[in-house]
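We use all heavy atoms of the structure for the numbers below, so side chains are in, but hydrogens, waters and symmetry mates are not. For clarity, every value in this text was computed on a predicted model and none was experimentally measured. Residue numbering restarts at 1 for every chain, and letters A, B, ... go by the order of the sequence lines.
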Protein chains: 2
Amino acid sequence: MGLTKSEIFTTEQNEISSIAKVFGHPARVAILQHLFKINSCICGDLVEEIGLAQPTISQHLKELKKIGLIKGNITGTSICYCIDKENWTNMKTTLSVFLNQDLNDNSNCC
Amino acid sequence: MGLTKSEIFTTEQNEISSIAKVFGHPARVAILQHLFKINSCICGDLVEEIGLAQPTISQHLKELKKIGLIKGNITGTSICYCIDKENWTNMKTTLSVFLNQDLNDNSNCC
DNA sequence: TTTATTCATCGTAATATTGCAATATAATAA
DNA sequence: TTATTATATTGCAATATTACGATGAATAAA
């Protein structure tokens, strides 16, 4: 089917998987790393930097924007996209609850 | 195309996205949460617990096993799958490098 | 041996994702 | 106005993912 049955899962589970899904492509990981590295807005070099066609990059940016990890818009003839710090922090909080659930786990099964 | 161009990305970028991809489905998030909650092996209640058909669950378990986050096998007539603690910790380390890259970031662009 | 139970695998249908060429849009430059 | 430049959108082909019925394999129970 290809259609995820989101309705049978909790809000938290859907939220975690939505975030993870966005990180689930190396181009989007690369875009975010580049944004942190240049420490400012994207200024057109992203297509060369990543090595994918311009429409493909645009599509990945759209998904990153949709989930709120980047913000900004085109200004004049160049984009101004950068990390949304507040949402990035919130995202980390959501993920860390999931990732750190092993802290109080003392089982020894397998 | 549907085919990710992995070869143009770094090993780290591909590794991060591979991990994230596995978390990119609520059923797999739910399975992992359940495994931490019951604090032992899965004992057959997973299909009822999650609410998807048995072959579907089996498929998700296969992916979790493939990436190393769970380990175990069937023993007799029941499965014995549980979290692979060592790999879970390694996974967290890999992800945290990516997630915490904002720590030294003082920019103020958008 | 036969039957029941449990999980894996196979096959397949439906939907999603990825990538890009072509085109559209919008702002600036000449 | 007419380029030019930069990004977004559209449309489409190829591949991937999700889900499940049917079936297979392995063990345990009768």
Side-chain angles (χ1 to χ4, degrees), chain A residues 1-9 13-14 16-31 34-35 40-67 70-82 110, chain B residues 1-9 13-14 17-31 34-35 41-67 70-82 110:
Chain A
M1 296 179 179
L3 192 144
T4 298
K5 286 189 166 179
S6 308
E7 70 277 9
I8 67 171
F9 301 104
Q13 287 160 351
N14 282 310
I16 291 168
S17 60
S18 293
I19 295 168
K21 208 172 186 179
V22 173
F23 293 147
H25 194 290
R28 294 191 286 266
V29 170
I31 288 171
H34 185 67
L35 270 174
S40 70
C41 294
I42 301 175
C43 296
D45 56 346
L46 208 48
V47 173
E48 287 177 36
E49 179 71 24
I50 308 289
L52 290 170
Q54 179 266 324
T56 309
I57 298 291
S58 192
Q59 210 168 321
H60 285 307
L61 286 170
K62 195 177 174 183
E63 287 188 64
L64 288 168
K65 196 181 174 188
K66 197 171 100 189
I67 204 154
I70 63 175
K71 62 180 175 181
N73 244 316
I74 55 165
T75 55
T77 53
S78 62
I79 15 174
C80 179
Y81 275 149
C82 58
C110 295
Chain B
M1 292 181 182
L3 190 145
T4 297
K5 285 190 166 179
S6 308
E7 70 276 9
I8 68 171
F9 300 104
Q13 288 160 349
N14 282 309
S17 61
S18 293
I19 294 166
K21 206 171 187 179
V22 172
F23 292 147
H25 194 290
R28 293 191 287 266
V29 170
I31 288 171
H34 185 67
L35 270 174
C41 294
I42 300 174
C43 296
D45 57 345
L46 209 46
V47 173
E48 287 177 35
E49 180 71 26
I50 309 288
L52 290 171
Q54 180 265 324
T56 309
I57 298 291
S58 194
Q59 209 168 323
H60 285 307
L61 286 169
K62 195 178 173 183
E63 287 188 62
L64 288 168
K65 197 182 173 188
K66 196 170 96 186
I67 204 152
I70 63 174
K71 61 181 176 178
N73 246 314
I74 54 165
T75 55
T77 54
S78 62
I79 18 173
C80 179
Y81 274 148
C82 59
C110 294

Nearest to the side chain of [X], heavy atoms from C-beta on, is which of [options]?
X	options	value
B:His60	D:dT15, D:dC20, D:dA19	D:dA19
B:Leu52	D:dA19, C:dC20, D:dT7	D:dA19
A:Ile79	D:dC20, C:dG19, D:dT7	D:dT7

Atom pair CD/OG of B:Glu63 and B:Ser18 - distance to nearest 0.5 Å: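 Those atoms lie 11.0 Å apart.
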Just how far is it from atom OH of B:Tyr81 to atom NZ of B:Lys65, taken to the nearest 0.5 Å?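 Reported value, rounded in 0.5 Å steps: 4.0 Å.
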Contact class for A:Lys21 (heavy atom, under 4.0 Å): base, sugar-phosphate, or nothing?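 It contacts sugar-phosphate atoms only.
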With sugar-phosphate meaning primed atoms plus P, OP1 and OP2, does B:Thr4 contact a base, only sugar-phosphate, or nothing at under 4.0 Å between heavy atoms?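 Touches sugar-phosphate only.
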Distance-only, no hydrogens or angles: does the [X] side chain make a donor-acceptor pair with backbone N or O of [Y] under 3.5 Å?
X	Y	answer
A:Ser17	A:Gln13	yes
A:Arg28	A:His60	no
B:Thr56	B:Leu52	no

I need the [atom1]-[atom2] distance between [X] and [N], as an integer number of Å.
X	N	atom1	atom2	value
A:Ile8	D:dT18	CD1	C1'	12 Å
A:Glu49	D:dA6	CD	P	17 Å
A:Lys5	C:dT15	NZ	C1'	14 Å
B:Lys66	D:dA16	NZ	C1'	11 Å
A:Ile57	D:dT9	CD1	P	15 Å
B:Lys65	C:dC7	NZ	P	14 Å
A:Glu7	D:dT18	CD	P	15 Å
B:Glu48	C:dT5	CD	C1'	14 Å

For [X] and [N], is the shortest distance between a side-chain N/O and OP1 or OP2 below 4.0 Å?
X	N	value
A:Thr56	C:dC20	yes
B:Lys62	C:dC7	no
B:Tyr81	C:dA8	yes

Which residue lies more 5' along DNA chain C, comparing A:His25 with B:Pro55 via nearest heavy atoms: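 First, find each residue's nearest nucleotide; the 5'-ward one identifies B:Pro55.
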Using only modelled atom types and a 3.5 angstrom limit, is any donor from either the side chain of B:Gln59 or the base of C:dC10 paired with an acceptor on the other?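 When only heavy-atom distances are counted, B:Gln59 does not reach the base of C:dC10 through any donor-acceptor pair under 3.5 Å.
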Closest nucleotide of DNA chain D for A:Phe9 versus for A:Gln54: which of these residues is on the 5' side?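 Mapping each residue to its closest nucleotide by heavy atoms, the 5'-most match is A:Gln54.
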Taking for each residue the nucleotide of DNA chain D with the nearest heavy atom, is it A:Ser58 or B:Arg28 whose nucleotide lies nearer the 5' end?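 Nearer the 5' end of the strand: A:Ser58.
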